[in-house]
Amino acid sequence: QVQLVESGGGLVQPGGSLRLSCAASGSIFSINAMGWYRQAPGKQRELVAAITSGGSTNFADTVKGRFTISRENAKNTMYLQINSLKPEDTAVYYCHADGTFHSGVGYVQSFDSWGRGTQVTVSS
């Protein structure tokens, strides 16, 4: 299957910045859409930003202008640059991707994977 590993979270003061990374590994054949989600305590998981294999992006209204999403297809890696952080951005940030992987000689199967999350805490 395909594994996703996030990194780059941490504790940052309001107004600060972070860069999150999501690395996909496994017998990957192709990755379609990738996205970042977040879940704050007591709240549902929500989409923050997404990017297609062609580079088209979309963002939640609450992060437009502050977050930038990008990906390096050759490295199967996605990034989230987070600027002007606010306390309400505090959450666990999860990476998601879907695509296909090699399941045997001449065979591919679809995958839909989540990472385990990275904590982002914004506090003074």
Partner residues of Arg45 under the salt bridge (Lys or Arg N to Asp or Glu O under 4.0 Å) criterion, sequence neighbours left out: none
Would a single hydrophobic cluster contain both Met34 and Val2, if residues Ile, Leu, Val, Met, Phe, Trp and Tyr are joined by side-chain heavy-atom contacts under 4.5 Å? yes
Kindly compute the distance separating OG1 (Thr52) from CG (Asn32), expressed to the nearest 0.5 Å. 9.5 Å
Ser113 versus Gln1, closest heavy-atom pair with distance: OG-OE1, 4.3 Å
Give me the atom names and distance for the closest heavy-atom approach of Phe111 to Ala97. CE1-O, 3.6 Å
Candidate pair Gln119 and Thr90, rule side chain to side chain contact (heavy atoms under 4.5 Å, CB included), full reasoning: CA-CA 8 Å; Gln119 176 71 47; Thr90 295; 4.0 Å; yes
Step-by-step side chain to side chain contact (heavy atoms under 4.5 Å, CB included) determination, Ile69 to Arg71: CA-CA 7 Å; Ile69 189 171; Arg71 61 191 279 180; over 6 Å; no
Which pair of non-hydrogen atoms, one from His96 and one from Asp112, has the smallest distance, and what is that distance? NE2-OD1, 2.7 Å
When you group the ILVMFWY residues by side-chain heavy-atom contacts below 4.5 Å and let the links chain together, are Val122 and Trp36 in the same group? yes
Please tell me whether Val48 and Ile51 are part of a single hydrophobic cluster in this structure, the criterion being side-chain heavy atoms less than 4.5 Å apart. yes
Check Arg38 against Ala91 and note the closest heavy-atom contact, atom names and distance. CB-CB, 3.8 Å
Run the side-chain donor-acceptor check on residues 12-31: report pairs under 3.5 Å with partners two or more places apart or on a different chain.
unit_1 : atom_1 : unit_2 : atom_2 : d
Ser17  : OG     : Asn83  : OD1    : 3.0
Ser30  : OG     : Thr100 : OG1    : 2.7

Does one hydrophobic cluster hold both Met78 and Val63, with members joined at side-chain heavy-atom distances below 4.5 Å? yes
When rounded to the nearest 0.5 angstrom, what distance separates CZ in Phe67 from CD1 in Ile82? 4.5 Å
Hey, quick one: are Val92 and Leu47 part of the same hydrophobic cluster, counting side-chain heavy atoms closer than 4.5 Å, chains of contacts allowed? yes
May I ask you to say whether Arg116 pairs ionically with Glu6, meaning some side-chain N is under 4.0 Å from a carboxylate O? no
Salt bridge check, Lys86 against Asp89: does any charged N sit closer than 4.0 Å to a carboxylate O? no
Could you give me the CA-CA distance, side-chain angles and deciding distance for Ser110 and Asp98, then say whether side chain to side chain contact (heavy atoms under 4.5 Å, CB included) is met? CA-CA 7 Å; Ser110 62; Asp98 65 78; over 6 Å; no
Is the gap between the ring centers of Trp114 and Tyr37 under 6.0 Å? yes
Evaluate whether atom CD of Gln44 has more than 12 neighbouring non-hydrogen atoms of other residues, nucleotides or ligands under 6.0 angstrom away. no
